[in-house]
Amino acid sequence: MYSKIALMSKENLPQVPMSSPDLTEAEQQAVLNVVKTSWLSMGPHIQSFEAAFRNLCATRHAISVNSGTAGLHLCIRAAGVQRGDCVITTPFSFVASSNVILYEQGVPIFVDVDPKTGNIDPELLDQAVKDLSRGGAAARRWLPRRGADAPGQLRALLPVDVFGQPADMDPILETAAKHSLPMIEDACEALGAEYKGRKAGTMGKYAVFAFYTNKQITTGEGGMIVTDDDGAAAMMVALRNQGRAPGDNWLQHTLMGYNYRLDEMSAALGVIQMERLEALLKEREQVSSWYADLLADIEEVEIPYVAPYTNRMSWFVYVI
């Protein structure tokens, strides 16, 4: 087999894409219907898409944005992160989970991961919180550079649900509660996953899902924040729309905000994808079981580890 592959030219190698969006005529028609109207932004499809997430997560608020990164950034703003403040997160993640801290001139504090799951280690996280609270040499050892200044105030925890598996949330939540820290759950890769019977994205003060083309559902680009915090939700709704708060007219802007709005075409696509969510998750589960069967007897390959606390893995990617 290996010799045959070696003899094949690059032109003859099979082209296997990393992922492809699963779209049907229903999605195509939904987008076409929007294009036939004059309402292309902040319309009824946004409301329907947000309602689907409120129902899924049983949260009071769902706020659509144009990317998961935008959603995480607004959560960092809601957590009050400012220049020099620290946020504990994982080094094993897409760069966005660190970038959003840097946008506010905060300091990402990296805590190592469980080598089996790739998710942040709760015991190390708890130790980092204790050390940062103590200050001095204990705190400085967590800084990204030796000889750096003493860290600022610890503002938030930002664990990531890596590859579709939730982080071990109970001990993380216990640490967060003990030290009065908001927990932002980066569930961008974990839509549909379950941890001890609870859905990913429902365990922190804020959580974010993402809908890039390789995600469980797609809107092309897009994200969704879910939260029960009324005040934070109102601020996020304003910030995503250039800082225009409720009651402002189109030339009034109470806050300095961003253009983080999701458009109607993307939302219409998302509504149909959400209706198909269970089927899409089952298709990914089927593919993962094929991989597991085919790779099981290859000694050199270690297949993904699913932790006992994961009731349902949401197969974002299958990493060996």
Side-chain angles (χ1 to χ4, degrees), residues 18-19 21-22 49-50 52-54 56-57 59 61-79 81 87-103 108 110 113 117-120 156-169 172 182-195 198-227 236 240 258 260 262 266-267 269-270 273-274 277 280-281 284 304 310 312-319:
M18 177 177 156
S19 66
D22 188 324
F49 193 34
E50 291 175 343
F53 271 86
R54 288 196 301 272
L56 177 73
C57 297
T59 53
H61 304 282
I63 301 127
S64 59
V65 286
N66 58 16
S67 69
T69 306
L72 289 170
H73 184 204
L74 295 187
C75 291
I76 288 290
R77 285 288 306 269
V81 175
V87 178
I88 290 179
T89 190
T90 169
F92 190 64
S93 175
F94 188 61
V95 69
S97 54
S98 296
N99 276 350
V100 296
I101 301 165
L102 297 173
Y103 292 164
F110 293 125
V113 300
T117 65
N119 282 319
I120 198 165
L157 309 179
L158 202 168
V160 179
D161 299 332
V162 173
F163 300 148
Q165 176 155 232
D168 191 358
M169 287 297 179
I172 295 173
M183 197 269 276
I184 302 165
E185 183 182 357
D186 181 342
C188 289
E189 298 180 355
L191 177 61
E194 292 184 8
Y195 169 86
R198 289 167 279 168
K199 289 183 172 64
T202 65
M203 289 170 274
K205 187 170 186 180
Y206 322 109
V208 181
F209 300 101
F211 315 125
Y212 186 63
T213 54
N214 59 358
K215 295 297 196 298
Q216 291 85 348
I217 71 164
T218 185
T219 58
E221 292 278 5
M224 188 73 71
I225 307 162
V226 291
T227 183
M236 291 174 182
R240 75 171 174 185
Y258 315 93
Y260 281 173
L262 189 68
S266 298
L269 182 62
Q273 288 269 285
M274 282 297 286
L277 175 61
L280 292 169
L281 292 174
R284 286 174 177 255
T310 301
R312 188 178 199 182
M313 186 83 166
S314 180
W315 291 99
F316 168 52
V317 287
Y318 192 95
V319 179

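We number each residue from 1, following the sequence as shown. All figures in this text were calculated on a predicted structure; none of them were measured in a lab.
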Closest approach of A167 and P159, non-hydrogen atoms and distance? CB-CB, 4.4 Å
With no hydrogens and no angle check, is any side-chain donor or acceptor of [X] less than 3.5 Å from a backbone partner on [Y]?
X    : Y    : answer
E221 : S67  : no
S314 : L191 : yes
R240 : V65  : no

Heavy-atom check, side chain of T90 versus side chain of N119, under 4.5 Å: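 Result no, sub-4.5 Å side-chain heavy-atom pair not found.
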Does some side-chain heavy atom of M236 sit less than 4.5 Å from a side-chain heavy atom of I225? yes
For the aromatic rings, using the six-membered ring if either is Trp, is the centroid distance between F92 and F163 under 6.0 Å?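 For F92 and F163, the ring centres are under 6.0 Å apart.
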I'd like to know whether the aromatic ring centres of F49 and F211 sit less than 6.0 Å apart in this structure. yes
Does the plane of the ring in H73 sit parallel, tilted or perpendicular to the ring in Y103? Use 30° and 60° as the thresholds.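 Correct class here is perpendicular.
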With distance as the sole criterion, is a donor-acceptor pair present between the side chains of Q165 and T117 under 3.5 Å? no
Side-chain donor-acceptor pair under 3.5 Å between E50 and S64, yes or no?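 Note: E50 and S64 side chains meet the donor-acceptor criterion.
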Salt bridge (charged side-chain N to carboxylate O under 4.0 Å, His left out) between R198 and E185: does it pass, once the steps are laid out? CA-CA 13 Å; R198 289 167 279 168; E185 183 182 357; over 6 Å; no
